[in-house]
K.L.:
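A single structure is presented below for examination.
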Amino acid sequence: MEALLAVDVQNDFCEGGALAVQGGAAAADRLARLAGGYELVVATRDWHPADHSSFETEGGRWPVHCVAGTAGAQLHAPFDTARVDLVVDKGTDRETEGYSAFQGTDLARTLRERGVDRLAVGGIATDYCVRATVLDARAAGFEVTVLEDAVAGIDARPGDLERAWGEMVAAGATRGQSTPDPTGSTA
Ligand code: VGL
Ligand code: ZN
């Protein structure tokens, strides 16, 4: 069975948020529309303590974002109203980045228990949490399709995004579309 895994579709990662990623809101739209088509919908949330070590205020590289319980950490509309069967919070430990939804969580076991062997993955950010989650999903033996039209990336250094795609594909993930290309183009 294939589950939809929506990575960090949260206000702080969408336009206007604390760590805004261009295209984040569009990914939220797309994932909200897709949710009804899957038997199981899993949403991850970046869910940091206020003194998380990745924050600039603590000497880290990111602005303060997705502090547990704040408005910025909530799922972004309209995905917040989509059916979500399972919410997985990650990055809750102060000292670890927690990019991957499989790091320090029960996600792999929970998915197997529910009969999931394939994942369709979308969300934010392609070159951070999506990448790390996809690589760990492959390592855990899941078939993975990354939905190119339902992700948004940061590309802090030019090339980050293409490198992330290269690593995901090299790990055996498929680069896919959530809907057939209406133009019929194969480019
Ligand atoms: C993420 C940067 C910092 C992500 C999380 O969700 O990709 N990126 N924390
Ligand atoms: Zn974070």
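Whatever order the structure lists ligands and atoms in, that order sets their numbers, starting from 1.
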K.L.:
Quick check: does Cys129 have an N/O/S atom under 2.8 Å of the Zn ion (ligand 2)?
P.N.:
no

K.L.:
Is it true that atom CD of Glu39 has more than 12 heavy atoms of other residues, nucleotides or ligands lying nearer than 6.0 Å?
P.N.:
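Check fails, neighbour count at 12 or below.
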
K.L.:
Given side chains that start at C-beta, do those of Glu148 and Val146 come closer than 4.5 Å, heavy atoms only?
P.N.:
no

K.L.:
N/O to N/O below 3.5 Å, does that happen between Ala125 and ligand 1?
P.N.:
yes

K.L.:
May I ask you to check if any N/O/S atom from Asp46 comes under 2.8 Å of the Zn ion (ligand 2)?
P.N.:
yes

K.L.:
Counting backbone and side-chain atoms alike, is an N, O or S atom of His48 positioned under 2.8 Å from the Zn ion (ligand 2)?
P.N.:
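A backbone or side-chain N, O or S atom of His48 is under 2.8 Å from the Zn ion (ligand 2).
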
K.L.:
Main chain of Trp62, side chain of Ser54: is a donor-acceptor contact present, judged purely on distance under 3.5 Å?
P.N.:
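Flag not set: sc Ser54 to bb Trp62 has no pair under 3.5 Å.
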
K.L.:
Carefully, step by step, assess His52 and Phe55 under the rule ring-ring contact (aromatic ring centres under 6.0 Å, His included).
P.N.:
CA-CA 6 Å; His52 193 256; Phe55 294 169; 5.7 Å; yes

K.L.:
So, of the N/O/S atoms that His65 has, which is the nearest one to the Zn ion (ligand 2)?
P.N.:
NE2

K.L.:
Counting only heavy atoms, which portion of Ile124 has something under 4.0 Å from ligand 1: side chain, backbone, both, or neither?
P.N.:
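Ile124 to ligand 1: backbone contact only, side chain stays beyond 4.0 Å.
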
K.L.:
Take a 6.0 Å sphere around CZ of Arg61 and say whether it holds more than 12 heavy atoms from other residues, nucleotides or ligands.
P.N.:
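For Arg61, atom CZ is crowded (more than 12 foreign heavy atoms under 6.0 Å).
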
K.L.:
Under a 4.0 angstrom heavy-atom cut-off, which atoms of ligand 1 come close to Tyr128?
P.N.:
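Those atoms are 7 (O), 8 (N).
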
K.L.:
Going by distance only, is there an N or O of Lys90 that falls short of 3.5 Å from an N or O of ligand 1?
P.N.:
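No; the residue has no nitrogen or oxygen that sits under 3.5 Å from a nitrogen or oxygen of the ligand.
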
K.L.:
Which ligand 1 atoms does Asp8 reach within 4.0 Å, using its non-hydrogen atoms?
P.N.:
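Answer for ligand 1: 4 (C), 6 (O).
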
K.L.:
Can you find an N or O of Cys129 that's nearer than 3.5 Å to an N or O of ligand 1?
P.N.:
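Yes; at least one N/O pair falls below 3.5 Å.
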
K.L.:
Is the CD atom of Glu58 crowded by more than 12 outside heavy atoms at less than 6.0 Å?
P.N.:
yes

K.L.:
Under 3.5 Å between some N or O of ligand 1 and some N or O of Asp46?
P.N.:
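Looking only at distances, the answer is yes, because the N/O contact criterion of under 3.5 Å is met.
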
K.L.:
Do the side chains of Arg45 and Asp8 get close enough for a salt bridge, i.e. N-O under 4.0 angstrom?
P.N.:
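The answer is no: the pair does not qualify as a salt bridge.
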
K.L.:
For ligand 1, which part of His65 has a heavy atom less than 4.0 Å away: the side chain, the backbone, both, or neither?
P.N.:
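The answer is the side chain.
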
K.L.:
Strictly by modelled atom types, are Thr92 and Asp89 linked by a side-chain donor-acceptor pair under 3.5 Å?
P.N.:
no

